[in-house]
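These numbers come from the heavy atoms of this one structure, side chains and all, not from hydrogens, waters or symmetry mates. Since the structure is predicted, the reported quantities are computational estimates derived from the model, not experimental observations. Order of listing sets the numbers, starting from 1, for every ligand and every atom in it.
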Amino acid sequence: MSGAGASFEVNFDGLVGPTHNYAGLAHGNLAAAANEGLPANPREGALQGLAKMRWMLRQGLVQGVLPPQERPHIPSLRRMGFSGSDEHVVATAARANLLLLANVSSAAAMWTANAATVSPSVDTGDGRVHFTPANMTSHFHRAIEADTTKRVLKAIFADETRFAVHEPVPFASFGDEGAANHCRLSSGHGERGVEVFVYGQSSFAKDGGGRFRARQSMEACHIVATQHELWTGGGALLTQQSRAAIDAGAFHNDVVAVSNGPVLMFHGEAFAEKDALFEGLKRAGEARGFAPVLLEASADELTLDEAVKSYLFNSQIVTLPSGAMVLVLPHEVEETPRAKAFVDRVLASNGPIREAHYLDLRQSMRNGGGPACLRLRVVLSQAEIASLGAGVILDEAKIDALEAVVRRNYRDRLELSDLADPAMMRESRTALDEIGQVLGLGAVHDFQRA
Ligand code: SUG
């Protein structure tokens, strides 16, 4: 909460979907590639995510949730020419190409850091909270998220006097992966901030030039910053991810950097032009009354490989009601001695981060999704929270109800071949209907609107 007029950072975590599986679909994502073909446990994944949400709630934070999406995504298969009953569509797609069915069955919408880029009302030209749903055009299994994401955001942030939910960035070549490549620094959540957009490369670059392709385009960053009306007063900075980071498996910048308030915690090799970024942050901070707190892990202290393996920087830094900050990290950091040593050094340094909390998110982590991937940050004033169009802000009873839905409807083992089971589609729809009822969401999924 900031001093001037209560504002809250609300984390909207994505609920893991009933079809969570390991199909190895994501390029440049080392965990997803390494775990391809492993049986998944969607029930455990969803319960791990809900335990994280409950922990946040119990710290006195405002915690939200976004629903899973309809998977398998029948409308995508129909657009490809599959026809007949929904069951027939799934069966014929499975016979034609099981990998295609895996793509339209991915539960990847759970990583809501890729749902949208969000600019709080204090930062924007028209004083509304702006959202641009990510187009996710780098991967087919993720590009099919954008339409439903937009619908869900419009249902929740429905009041157009307070919220602007834009169209996703147009033109597939301008890849936009949302808040995973966006940091915001400010003195407090409710104070005007500087928004840092981190791109992999320009869509017009002649040469991709590396092991993995960059997912976030420079042009998409420009478009989002422009439609969010951030440029006035230097409210946005664009900076490039280093090629070394992308090639080490940092497919999103949130694998190597995380911010909160005036703090930026990052790996020394995360950015292509670190000094220029620091200079820009310093100037922006001077104009906004804060000095950036830069917490850097040097390459000597921790290699990029260790950073990617442990997911140290895919942690959340949250400000408790007391004003102290807590690092929320995956267990894998505790199990990586040099990553843990960095955390201990940060805690001992007497800076703003006072505590570390380690969580078990292994189901999501095996697909390259740590604590930070699972949440979309939305800074909201009390009045903005009061105006939300659905019951997506959690309390203990809602978490209990969501856990019950998961226990009732989610499988505890899922392999690729199970996706062809027509019962899977029906179970998934029942779960989504029940989740929608708990959250008062209305008909946001295609199957509910038919
Ligand atoms: O896009 N994994 C996701 C992980 C996204 C993590 N998000 C952030 N870093 N914010 C991705 O790479 C794997 C799904 C599969 O392979 O089945 C996947 O899509």
Side-chain angles (χ1 to χ4, degrees), residues 11-14 16-42 45 49 66 68-69 71-73 98-118 134-146 149 175-183 198 200 212-216 241 245-246 248-259 267 270 307-308 310-316 330 332 361-377 414-416 418-419:
N11 283 286
F12 287 86
D13 277 49
V16 173
T19 58
H20 158 62
N21 72 90
Y22 301 117
L25 304 178
H27 188 69
N29 174 338
L30 303 181
N35 294 309
E36 178 178 349
L38 224 69
N41 185 336
L66 296 180
Q69 296 196 2
R71 297 290 181 271
H73 196 234
L98 191 57
L99 192 55
L100 179 62
L101 182 62
N103 271 268
V104 299
S105 299
S106 168
M110 70 171 86
W111 298 297
T112 52
N114 305 119
T117 308
V118 186
N135 66 21
M136 298 304 290
T137 52
S138 74
H139 286 76
F140 168 71
H141 75 286
R142 305 226 51 187
I144 59 174
E145 293 167 23
T149 301
D176 175 30
E177 308 250 329
N181 296 309
H182 175 257
C183 296
V198 189
F212 299 126
R213 62 176 183 264
R215 294 199 196 180
Q216 179 78 30
Q241 249 194 308
I246 297 172
F251 54 96
H252 292 134
N253 181 63
D254 68 3
V255 175
V256 280
V258 54
S259 68
H267 190 273
V308 171
S310 65
Y311 259 43
L312 165 63
F313 299 101
N314 201 259
S315 50
Q316 289 175 242
E332 285 76 355
L361 292 170
R362 286 190 212 277
Q363 286 292 326
S364 169
M365 284 286 287
R366 288 193 191 118
N367 254 336
C373 300
L374 283 163
R375 64 94 169 89
L376 181 67
R377 290 196 265 197
L414 194 66
E415 293 192 64
L416 210 55
D418 298 323
L419 298 171

Worksheet item: Any idea which of Arg215, His252, His27 brings a heavy atom closest to atom 12 (O) of ligand 1?
Response: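 Closest candidate by heavy-atom distance is Arg215.
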Discussion item. As a check for students: among Asn181, Asp254, Asn29, Asn103, identify the option with a heavy atom nearest to atom 9 (N) of ligand 1.
Written reply: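 Nearest heavy atom to atom 9 (N) of ligand 1 lies in Asp254.
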Under 4.0 Å from any heavy atom of [X], which atoms of ligand 1 are there?
X: His141; result: 14 (C), 18 (C), 19 (O)
X: Ala113; result: 10 (N)
X: Ala180; result: 10 (N)
X: Gly368; result: 4 (C), 6 (C)

Worksheet item: Side chains of Ser106 and Asn367: does their closest heavy-atom pair fall under 4.5 Å?
Response: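 No, side chains not in contact.
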Worksheet item: ligand 1 versus Glu177, non-hydrogen atoms closer than 4.0 Å: side chain, backbone, both, neither?
Response: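 Neither; no heavy atom under 4.0 Å.
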Is the shortest N/O to N/O distance between [X] and ligand 1 below 3.5 Å?
X: Ser106; result: no
X: Leu25; result: yes
X: Gly24; result: yes

Discussion item. I need the nearest protein heavy-atom contact for atom 6 (C) of ligand 1: residue, atom name and distance, please.
Written reply: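 For atom 6 (C) of ligand 1, the nearest protein heavy atom comes out as Cys373 SG, 3.3 Å.
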Worksheet item: Of the protein's non-hydrogen atoms, which lies at the shortest distance from atom 13 (C) of ligand 1, and what is that distance?
Response: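 Among all protein heavy atoms, the one nearest atom 13 (C) of ligand 1 is Asn367 OD1, 3.5 Å.
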Worksheet item: Looking just at side-chain N and O atoms, do Arg366 and Asn35 make a donor-acceptor pair shorter than 3.5 Å?
Response: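 No - no donor-acceptor pair under 3.5 Å links their side chains.
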Worksheet item: Is a side-chain donor-acceptor pair under 3.5 Å present for Asn314 with Asp254?
Response: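 Side chains of Asp254 and Asn314: pair found under 3.5 Å.
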Item to complete: Indicate the atoms forming the closest heavy-atom contact of Glu177 with Ala134, along with that distance.
Response: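 It is C-CB, 3.8 Å.
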Discussion item. Can you tell me which residue among His252, Gln241, Gln216, Arg215 is in a side-chain hydrogen bond (donor to acceptor under 3.5 Å, both in side chains) with Asn181?
Written reply: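 Answer to the side-chain hydrogen bond (donor to acceptor under 3.5 Å, both in side chains) test with Asn181 among His252, Gln241, Gln216, Arg215: Gln216.
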Discussion item. Less than 6.0 angstrom separating the ring centers of His27 and Phe251, yes or no?
Written reply: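 No, ring centres 6.0 Å or more apart.
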